[in-house]
Amino acid sequence: MKEKAMNDDYSRLLGRNDEFIAKLHELCAGDMSKIHDVIRLSGVFDMFGLSEERLLQFSPMLKRELEILLLKSFTANWSNKAEMDKIDAASFIASERTFVSSELKEDCIYIFGFEDDSLYPVAVGFMRGEGNSVSAFSTFVLSKDFVSDVFKFAIFSDIGLKWDRVY
């Protein structure tokens with residue numbers, strides 16, 4: 001994401017102006033090599049209170065689509081309060097990849113918090129696919145309080161969200 005944000009030619013090639021490019025630089029201006037916290041979240045990413053009974057009404061395919069949607073939108077809920085231009089910039093440099101691995105046992109999100117207070121946390125999510133395929137995404141979470149907020153949410157919610165401090 002930092003490489004995308006700091007490459008002005010990439011941004012201009014896709015029709016972005018200097019003001020937008022400045023927002024990209026702002027998102028990635030700090031030192032991302034000094035990680036302060038890494039939190040692994042797994043379990044139920046349901047912030048909408050869907051009951052297990054309601055989920056049973058869905059086919060396995062539709063239930064899986066919903067699980068993926070909830071996982072991918074989990075961090076976006078904290079970014080909703082950000083200014084639109086920051087959301088646009090963060091979306092522009094978000095990344096997705098698909099690869100093969102038999103190691104992922106459950107969907108999860110890793111949250112990276114940085115020592116540099118000027119940086120927003122980064123979320124990297126992993127979702128199991130068919131066979132041994134894994135889809136991964138990374139994005140900025142546009143809330144500097146996200147790491148502490150997610151601790152509170154995970155501890156005090158009863159939706160089945162699990163968290164582990166990895167680093």
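Along the sequence shown, residues are numbered consecutively beginning with 1.
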Shortest non-hydrogen contact between Y167 and I35, atoms and distance:
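Of all heavy-atom pairs spanning Y167 and I35, the closest is CE2-O, 3.2 Å.
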Taking all non-hydrogen atoms of both residues into account, name the closest pair between S11 and I21 and its distance.
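Minimum heavy-atom contact is CB-CG1, 3.6 Å.
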[X] side, atom [atom1]; [Y] side, atom [atom2] - distance, nearest 0.5 Å:
X	Y	atom1	atom2	value
I39	D164	CD1	CG	10.0 Å
R97	F137	CZ	CZ	14.0 Å
S42	Y110	OG	OH	8.5 Å
L66	M61	CG	CE	12.0 Å
E67	E65	CD	CD	10.0 Å
N17	R12	CG	CZ	9.0 Å

N/O donor-acceptor pair under 3.5 Å between D37 side chain and G113 backbone
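Side chain of D37 to backbone of G113, a donor-acceptor pair under 3.5 Å: no, none is there.
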Could you tell me whether a side-chain N or O of K4 sits under 3.5 Å from a main-chain N or O of A94, the two making a donor and an acceptor?
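Answer holds: yes.
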Just do the salt bridge (charged side-chain N to carboxylate O under 4.0 Å, His left out) check on R16 and D88 with the steps written out, would you?
CA-CA 11 Å; R16 301 305 182 149; D88 189 26; 3.3 Å; yes
Is it true that H25 and D8 share a donor-acceptor pair across their side chains at a distance under 3.5 Å?
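Yes, a side-chain donor-acceptor pair sits under 3.5 Å.
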Not counting sequence neighbours, which residues clear side-chain contact (heavy atoms from CB on, under 4.5 Å) with L62? List them please.
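Result, side-chain contact (heavy atoms from CB on, under 4.5 Å) vs L62: F58, S59.
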Looking at residues at least two apart in the chain, or sitting in another chain, which of them share a side-chain contact (heavy atoms from CB on, under 4.5 Å) with E83?
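K23, D85, K86.
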Contacts of F146 that satisfy ring pair (Phe, Tyr, Trp, His ring centres under 6.0 Å) - sequence neighbours left out
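With neighbours one apart ignored, the set is W78.
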Mind checking what makes ring pair (Phe, Tyr, Trp, His ring centres under 6.0 Å) contact with F20, not counting sequence neighbours?
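Once residues adjacent in sequence are excluded, the partners of F20 under the ring pair (Phe, Tyr, Trp, His ring centres under 6.0 Å) criterion are F92.
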Would you sort out whether I109 and V124 count as a side-chain contact (heavy atoms from CB on, under 4.5 Å), showing the intermediate values?
CA-CA 6 Å; I109 299 175; V124 181; over 6 Å; no
Hey, can you pull the donor-acceptor pairs under 3.5 Å for the side chains in residues 125-133, sequence neighbours left out?
{"unit_1": "R128", "atom_1": "NE", "unit_2": "D107", "atom_2": "OD1", "d": "3.3"}
{"unit_1": "S133", "atom_1": "OG", "unit_2": "E130", "atom_2": "N", "d": "3.3"}
{"unit_1": "S133", "atom_1": "OG", "unit_2": "E130", "atom_2": "O", "d": "2.9"}

I'd like to know if L14 and M6 are part of one continuous hydrophobic network [Ile/Leu/Val/Met/Phe/Trp/Tyr, side-chain heavy atoms within less than 4.5 Å].
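Unlinked, M6 and L14 end up in two clusters.
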Any carboxylate oxygen within less than 4.0 angstrom of a Lys/Arg side-chain nitrogen, looking at D31 and K34?
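Answer for the salt bridge query: yes.
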How far apart are the C-alpha atoms of Y120 and V141, what are their side-chain angles, what is the distance that settles it, and do they pass the side-chain contact (heavy atoms from CB on, under 4.5 Å) test?
CA-CA 6 Å; Y120 289 99; V141 182; 5.9 Å; no
Sequence neighbours excluded - side chain to side chain donor-acceptor pair (under 3.5 Å) pairs with any residue from residues 135-144
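Side chain to side chain donor-acceptor pair (under 3.5 Å) check on residues 135-144 returns no pairs.
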